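What follows is a set of notes on a single structure, which appears directly below.
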There are 2 protein chains.
Amino acid sequence: MARPERRTVRDIRRGNRAVLLHTLYFSGPTSRNDLTARTGLSAATVSTMTAGLLGENIVVEAGQVESDGGRPRVLLRVNPEYGFAVGVDMAENHVRVGLFDLEMTERAKVDYVLRPARHDPELVARHILAGVEVVLSDAGVPTEQVLGIGVGVPGIVEPGPDGVIHAKPFGWDGVPLGALLRRGTSLPLYVDNGAKTLGQAELWFGSGRGSSEAVIVLLGVGVGATIVADGTTFRGVSNSAGEWGHTKIVAGGRPCRCGGRGCLEAYVGIEAILDRAGVGSQGDWEEDLDRLLASESPVIQETVTYLGVGLANLVNLVNPEKIVIGGWVGARLGERLLPEIRRATAANSLAEPYAATSIVLGRLGPDAVALGAATLVLEEFLNTPQVARITAAG
Amino acid sequence: MARPERRTVRDIRRGNRAVLLHTLYFSGPTSRNDLTARTGLSAATVSTMTAGLLGENIVVEAGQVESDGGRPRVLLRVNPEYGFAVGVDMAENHVRVGLFDLEMTERAKVDYVLRPARHDPELVARHILAGVEVVLSDAGVPTEQVLGIGVGVPGIVEPGPDGVIHAKPFGWDGVPLGALLRRGTSLPLYVDNGAKTLGQAELWFGSGRGSSEAVIVLLGVGVGATIVADGTTFRGVSNSAGEWGHTKIVAGGRPCRCGGRGCLEAYVGIEAILDRAGVGSQGDWEEDLDRLLASESPVIQETVTYLGVGLANLVNLVNPEKIVIGGWVGARLGERLLPEIRRATAANSLAEPYAATSIVLGRLGPDAVALGAATLVLEEFLNTPQVARITAAG
DNA sequence: TCATCTTAGTTCAGGAGCGAAAACAAGCGG
DNA sequence: CCGCTTGTTTTCGCTCCTGAACTAAGATGA
């Protein structure tokens with residue numbers, strides 16, 4: 001049962017401020033006049049509210065545009081330099097730290113290679129904290145201007161302030177990465193599963209843009225998904241919703257590294273694909289996959305079929321408007337096989353939900369995880385724009 | 001991306017009124033004093049708001065309770081007779097119409113048997129409309145006091161005002177049942193999938209009570225699910241989310257009546273269970289199932305395993321707090337095999353989400369579909385309590 | 001019996017919001 | 001320089017919620 005919450009008159013203000021900021025952010029330079037139309041707020045409210053935002057330097061003017069014989073419109077936009085967000089992509093073999101302005105333009109970045117089996121939590125945390133220092137000084141951004149740090153990690157992230165991670169293939173079971181990081185910084189921290197941050201990125205800035213019911217799947221070493229319901233990431237009760245890679249598509253089938261059998265990941269994860277093709281996994285996975293795709297191996301068609309089953313299950317269960325295929329394996333497969341993937345999905349879904357879904361490729365490259373992690377910070381900023389933040393600029 | 005909506009000061013009133021009504025409804029008789037604590041609203045607001053609700057006869061007094069030496073508390077509750085809701089269960093072989101008061105006590109009901117292959121939409125619509133007449137006159141409730149009619153149907157219901165239904169095994173493809181009904185009544189209509197109305201009933205009044213992240217599965221002739229996210233039924237983009245029965249658990253497996261292969265329903269739907277056991281489906285399904293359960297057939301264990309796979313996929317993908325097993329097949333299986341079902345689910349889920357989920361049996365009997373359909377009306381009433389409804393009583 | 005205590009519920013003044021409309025601003029055309 | 005058009009700000013009235021003062025209603029005990 002839905003349990004609505006009490007509201008007070010101040011919530012209106014906060015809420016409408018968020019509406020205004022969202023609109024301004026996603027519509028780009030907009031006049032006050034346009035804002036009244038787009039938000040449905042009265043001109044009066046837009047006026048006073050924008051005055052406040054301008055005063056706080058959250059919003060800046062962005063030129064004028066002449067109007068049909070009358071007073072020209074003054075364009076406004078979110079000040080991209082009002083604040084910055086750090087996005088961290090912590091993956092199986094590297095830690096990547098990026099600094100983004102509010103328009104999500106990358107201002108600096110730094111990479112650390114993780115030697116296999118060197119996933120010591122302390123070491124990773126040190127890498128991340130060092131990375132933050134580096135990108136800030138490279139870009140000349142003072143810490144006070146950073147709105148927060150988002151971190152995308154493999155595995156399941158418990159809800160709660162400590163950012164506790166469970167990542168089997170990693171050897172992490174209950175590592176409180178958030179707590180480790182908080183020892184080295186007082187900035188707001190957002191730790192989330194990497195598939196979810198990638199999903200967030202594609203949803204806001206990539207192929208998912210504009211959808212409010214969508215699924216973004218990640219095909220890489222691991223297989224995961226972000227389910228978007230009503231415009232926000234669906235997390236379930238303990239933040240692990242979307243573990244698509246370990247749903248079973250062949251009861252009792254191939255063993256999976258999770259310990260189970262018949263998982264989707266045991267068919268369409270990169271290791272599984274190469275293994276099924278009998279390709280030695282000693283070399284470079286990307287090269288191996290490319291060679292396999294270039295060959296006429298029936299394993300390709302099988303992979304497409306299994307992927308179609310997995311996607312069809314999402315179509316039936318989630319009924320999304322859009323499915324975005326992301327991750328580097330997804331990109332390679334999709335590049336050449338998208339029509340076949342669509343056909344395989346159609347063959348395994350119910351007609352009505354399939355007809356309502358469009359299946360597309362992700363648009364963002366390998367940096368999507370870090371970008372999405374930074375987007376967590378942006379999301380918070382747009383939803384609850386501080387009123388009393390002290391700005392250095394201005 | 002979440003897109004907040006503009007609010008005006010009047011929305012607060014409406015919203016808080018809904019908060020108050022929800023609290024009153026679900027907490028039963030409650031004093032104003034308690035209401036301030038439970039809702040977080042100030043005593044002043046509760047006072048004026050309840051005065052309004054009392055004046056409109058939506059809320060009535062329900063006795064007093066003495067307080068430790070001071071003025072006794074006056075208890076308030078939603079007036080169960082303020083309005084009534086009709087709930088219709090339209091199934092493969094019957095149409096059942098029930099009249100419920102606001103407390104969801106059944107005041108009258110009537111059944112019509114549908115002869116197989118007599119699913120003429122006009123006929124069904126006539127049954128429903130006749131049924132409404134009958135229950136109203138049986139209970140002596142005038143039409144003006146009816147808040148709406150909810151209808152639970154098999155198959156997929158398109159969003160939109162016409163209640164268009166797609167139900168393959170039924171021979172209905174694009175039947176606008178809502179529009180047909182509207183020709184015979186001007187009451188508000190809510191047409192929804194039967195698995196969803198059952199889910200709604202279990203969520204509000206059955207085993208799902210209090211959960212805001214849950215899945216209610218329906219095991220019967222068909223197999224379906226209601227996914228509850230943030231306290232409300234998750235519908236996807238075209239209202240067909242939750243088609244769990246046709247998700248694939250064995251790629252390329254047994255053929256299903258939907259035309260696909262390897263669907264869950266082709267393993268745990270009643271026809272599939274009996275078929276796999278080699279039981280002739282001529283007799284009564286319920287008897288057949290009971291006999292099968294009493295036997296030592298390995299088909300039972302297989303069924304549990306397949307069901308476990310299906311449930312585990314829900315656990316991994318949805319990460320619910322609770323899974324409620326409903327439907328008559330679900331009840332029979334669960335009665336004897338719940339521990340085995342839990343084990344099978346555990347064996348196929350990731351540890352973290354499984355640990356967060358409790359798997360329980362539904363508590364409502366065979367009338368849950370009709371009750372849930374009526375609950376659609378109730379939900380609307382609680383969320384947007386009319387301000388100017390004309391009441392006969394009072 | 002009645003003053004006092006305790007808890008419940010109501011009323012009122014004050015502050016915060018929004019919206020409609022009037023006022024003001026800023027170009028354009030003549 | 002004067003109207004005209006369009007964009008933005010200000011003014012004013014209304015609604016809402018809240019805290020505090022106030023009233024209501026029973027219990028207690030001298």
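All chains are named by letter (A, B, ...) in the order of the sequence lines, taking the proteins before the strands, and each is independently numbered beginning at 1. Atoms considered below: every heavy atom in the structure, side chains included; atoms not considered: hydrogens, waters and symmetry mates. Everything numeric in this text was worked out from a predicted model, so none of it was measured.
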Looking at residues at least two apart in the chain, or sitting in another chain, which of them share a side chain to side chain contact (heavy atoms under 4.5 Å, CB included) with [X]?
X        : result
A:Val377 : A:Ala85, A:Leu147, A:Tyr190
A:Ala37  : none
B:Arg38  : B:Thr23, B:Ser27, B:Thr30, B:Asp34
B:Glu5   : none

How many Å lie between [atom1] on [X] and [atom2] on [N], as a whole number?
X       : N      : atom1 : atom2 : result
A:Leu20 : C:dG17 : CG    : P     : 14 Å
A:Arg32 : C:dA25 : CZ    : P     : 14 Å
B:Arg73 : C:dT6  : CZ    : P     : 16 Å
B:Leu75 : C:dT7  : CG    : C1'   : 14 Å

**Prompt:** Hey, does A:Val46 reach any base, or is it just sugar-phosphate, or nothing, if we go heavy atoms under 4.0 Å?
**Reply:**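 Nothing: the residue A:Val46, judged by heavy atoms under 4.0 Å, touches no strand.
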
Can you list everything that forms a side-chain hydrogen bond (donor to acceptor under 3.5 Å, both in side chains) with [X]? Sequence neighbours excluded, please.
X        : value
A:Arg32  : A:Thr50
A:Thr45  : A:Ser42
A:Asn319 : B:Ser238, B:Ser240
B:Asp101 : B:Arg107

If you restrict it to nitrogen or oxygen atoms, what contacts under 3.5 Å exist between nucleotides 13-17 of chain D and the protein, and what is each distance?
| residue | atom | partner | partner atom | Å |
| --- | --- | --- | --- | --- |
| D:dC17 | OP1 | B:Asn16 | ND2 | 3.0 |
| D:dC17 | OP2 | B:Arg13 | NH1 | 2.6 |

| request: Measure the angle between the two terminal helix axes of the helix from C:dT1-D:dA30 to C:dG30-D:dC1, five base pairs each, and quote it to 10°. | output: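 It comes to 30° between the two terminal axes.
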
Where the side chain of B:Val74 is concerned, which of D:dT10, C:dG9, C:dT11 is the nearest nucleotide?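 Taking heavy atoms from C-beta onward, the closest nucleotide is C:dG9.
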
Original post:
What's the closest nucleotide to the B:Ala44 side chain, out of D:dG19, D:dT8, C:dT10?
Top reply: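 For B:Ala44, the side-chain atoms sit closest to D:dG19.
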
Are side-chain heavy atoms of A:Ile58 and A:Phe381 found at a separation under 4.5 Å?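 Yes, their side chains come closer than 4.5 Å.
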
If we count only N and O atoms by modelled type, under 3.5 Å, do the side chains of B:Glu380 and B:Thr384 hold a donor and an acceptor together?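 Side-chain D/A pair, B:Glu380 to B:Thr384: present.
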
Not counting sequence neighbours, which residues clear salt bridge (Lys or Arg N to Asp or Glu O under 4.0 Å) with B:Glu103? List them please.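 B:Glu103 satisfies salt bridge (Lys or Arg N to Asp or Glu O under 4.0 Å) with B:Arg77 once adjacent residues are dropped.
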
Under a 4.0 Å heavy-atom criterion, the protein footprint on nucleotides 22-30 of chain D, written with B, S and -, is --BBBS---

